[in-house]
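Remarks on the structure that follows.
The sequence lines fix the lettering, A, B, ..., with proteins before strands; numbering per chain opens at 1. Here the structure is a predicted model, which means the values were calculated and not measured.
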Amino acid sequence: MAVTLRIHNTMTRTKEDFVPLDPTHVTLYVCGPTVYDRAHIGNARPAIVFDVLSRLLRRLYPKVTYARNITDVDDKINARSRESGRSISAITEETTRWYHEDLAALNVLLPDLEPRATGHIDDMIRMIEDLVAKGHAYEADGHVLFSVPSMETYGRLSGRSIEDMIAGARVEVAPYKRDPSDFVLWKPSDDETPGWESPWGRGRPGWHIECSAMSSRYLGATFDIHGGGLDLIFPHHENEVAQSTCCNGPGSFARYWMHNGMLMVEGEKMSKSLGNFFTVQDLLARQPGEALRLCMLATHYRQPLDWTADGLEQARKTLDRYYGALGRVADLEAEDRPVPEGVLAALCDDLNTPKALSELHVVLGELNRAESRADQARLKGDLLAAGSLLGLLGQDPEAWLRGGEGGDDGLAARVESLIQARKDARKAKDFARADEIRDALLKEGVVLEDGPQGTTWRKA
RNA sequence: GGCCGGAUGGCAGAGUGGUUAUGCAGCGGACUGCAAAUCCGCGUACGUCGGUUCGAUUCCGGCUCCGGCCUCCA
């Protein structure tokens, strides 16, 4: 491999060379959704970012196992069930299906594994038993709690000391806790709440234990990369580290931690109370998924991303340019090409997607300038190779430019006949009539473009 | 209050101890019957105050502003 992948490791707060535990098999775990509601645009960011990472890893290494969990045990789900009267499973199954549909629209590939918490309760119970046996957890009042003071290095990932947390604690401390910073591994369930039999009675797991149990089951006690949103560093990931390393030994668990930045909307914090809360579904009604994806990749994953209508519009226009160029060479078989060096180098530099996109623009310019068929075929190949690594430019150019799969045939036929009528008018030098046809179509959102091979059309 | 991150041209957004991406918008030109698309050319930006340096947007410190986390939010 010509290039070295470098990634910013939250654990060390520095950019490091990525050296996998096993160069023949790279392992990646990303925190997936809690399935109680439609995915919002903030949920889409890690999905897209780590999708690009997984595509890149597959390019660089012979085998990659990417696991992304589904959290289907959670008190928010329980609350939703009580409010709506619908069963837990109906809610989680429907929400999971929505999640898959939304991500598919964003061209996010499925991970290799998508373990569900409810399928791994036994693994979690075993892990909790182990932690109790090792003196890192205790039972109190029907709960099992992780004993934070039992772990010397607690707080390393999030960079905070136990004193900081006590000083800043703004949550009342449950009376059964030995220490205010202890957190729940297992809690009792009443008859109305989902529960599983355990050595501590009927109950359900705490939030953090599922990721520790499932990552260890599928990727091993020690694996390469763990990803998620910045807001998960504390407490979620810190607690995962605590559970897993206390169970499996120091130095185990994730070797590199990657966290994506948060999303803002039109310069403001995204929140339901401000009414600036977009679901992926809302946005897909306005713009194609590929435009959302490009918009997401136009900002580096660790930076805060300001989601704006303007930015989304710009992303769509950018794709119009790419697909316009690809449409002009649609009849040419693309040469089979490696990913352009500049694009690959940018992605290998801590997933610098904005830089990669600027390199892609260079290729676009070259394609637009290319005169020979050979150059065009080569550059088309470059564009498609880079595009597939980023999860972009995979559509049929004509379908994109004419408004996607849903375009009605009637429109196409009507536009074609008007183009013919305009052609006749132009031949007869009746430019007033020709312009009239063009203007009328433009009012309907159809743009005509006269080229050397005749007139083509696209949606505005 | 504690901990962390950010501030780049009209906008978005990379990057760099000295030659200053990329895109959008704008301006000029080529092409076109006119457009559109495409191509060519143009804009010398790095919050603020100090320090280090021959030289700082880039390194260090103060300040201001913005954002995140502080026990179940991606």
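Sequence order on RNA chain B of the closest nucleotides to Asn352(A) and Trp207(A) puts Asn352(A) first from the 5' end. Comparing Arg13(A) and Gly261(A) along RNA chain B, the residue whose closest nucleotide (by nearest heavy atom) sits nearer the 5' end is Arg13(A).
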*How would nucleotides 22-34 of chain B be written as a contact map, 5' to 3', with B for base contact, S for sugar-phosphate-only contact and - for no contact, using protein heavy atoms under 4.0 Å?*
SBSS-------BB

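The residue Arg45(A) sits apart from the nucleic acid: no heavy atom pair falls under 4.0 Å. Among the atoms of the strands shown, none is found under 4.0 Å from any heavy atom of Lys427(A). Residue Gly228(A) is in sugar-phosphate contact alone, with no base atom involved, counting any heavy-atom pair closer than 4.0 Å across all strands shown. In this structure, Leu448(A) reaches the bases: a heavy-atom distance under 4.0 Å links it to at least one base atom across the strands shown. Here Leu263(A) lies in heavy-atom contact (under 4.0 Å) with a base.
For Asp306(A) and G13(B), the CG to P distance is 7 Å, given to the nearest whole Å. One atom, CZ of Phe183(A), and another, P of C72(B), lie 13 Å apart when rounded to the nearest Å. If you take NZ of Lys177(A) and P of C72(B), they are 9 Å apart, rounded to a whole angstrom. When rounded to the nearest whole Å, the span between NZ of Lys355(A) and C1' of A14(B) equals 8 Å. Atom CG in Leu347(A) sits roughly 13 Å away from atom P in G15(B) (whole-Å rounding). In this structure, Gln303(A) places its CD atom 11 Å from C1' of G67(B), rounding to the nearest Å. One interatomic measurement links the two molecules: CD1 of Ile419(A) to C1' of A35(B), which rounds to 15 Å at whole-angstrom precision. One can place NE2 of His40(A) at 6 Å from C1' of A74(B), the figure rounded to the nearest angstrom.
In the set C72(B), A14(B), A74(B), the nucleotide with an atom closest to the side chain of Val184(A) is C72(B). Closest to the side chain of Phe234(A), from the set A14(B), C11(B), C70(B), is C70(B).
To the nearest whole angstrom, the two P atoms, one in U57(B) and one in U48(B), are 10 Å apart. Taking atom C1' in both G23(B) and G9(B), one finds a spacing of 13 Å when rounded to whole Å. Rounded to a whole angstrom, the distance from the C1' atom of A45(B) to that of G50(B) is 22 Å. As rounded to the nearest Å, G41(B) and U52(B) have C1' atoms that lie 41 Å from one another. Of the C1' atoms belonging to C66(B) and G47(B), the separation is 11 Å, rounded to the nearest Å. As rounded to the nearest Å, A7(B) and A12(B) have P atoms that lie 13 Å from one another. Across C4(B) and A14(B), the matching C1' atoms stand 23 Å from one another, rounded to whole Å. Distance noted for atom C1' between G55(B) and G68(B): 36 Å (whole Å).
Annotation: cation-pi pair Arg458(A)/Tyr323(A) absent, no NZ/CZ under 6.0 Å from the ring centroid and within 45° of its normal. The cationic group of Arg178(A) lies under 6.0 Å from the six-membered ring centre of Tyr138(A) and within 45° of the ring axis, placing it in a cation-pi geometry.
With hydrogens and angles ignored, the 3.5 Å screen pairs a side-chain donor or acceptor of Glu238(A) with a backbone N or O of Gly155(A). Using modelled atom types, no side-chain atom of Ser81(A) and backbone atom of Ile77(A) make a donor-acceptor pair closer than 3.5 Å. Judged by distance alone, the side chain of Lys355(A) and the main-chain N or O of Ala346(A) form no donor-acceptor pair under 3.5 Å. For the pair Glu266(A) (side chain) and Ala309(A) (backbone), a donor-acceptor distance under 3.5 Å is present.
Across every strand in view, U48(B) sits in a pair with G62(B) that passes the Watson-Crick or G-U test at under 3.5 angstrom. Remark: U19(B) base-pairs with no nucleotide; criterion is Watson-Crick or G-U wobble with both hydrogen-bond distances under 3.5 Å. Judged by Watson-Crick or G-U wobble contacts below 3.5 Å, the nucleotide C3(B) has G68(B) as its partner. Of the nucleotides present, G10(B) is the one that pairs with C24(B) by Watson-Crick or G-U wobble criteria, both distances under 3.5 Å.
Using a 4.5 Å heavy-atom cutoff, the side chains of Trp200(A) and Ile128(A) are in contact.
Taking side-chain N and O atoms only, Asn368(A) has a distance below 4.0 Å to OP1 or OP2 of C39(B).
Tested against Thr92(A), the residues Thr34(A), Val73(A), Val35(A) include a single side-chain contact (heavy atoms from CB on, under 4.5 Å) partner, Val35(A).
Within the 6.0 Å centre-distance limit, the rings of Tyr322(A) and His361(A) are counted as a close aromatic pair.
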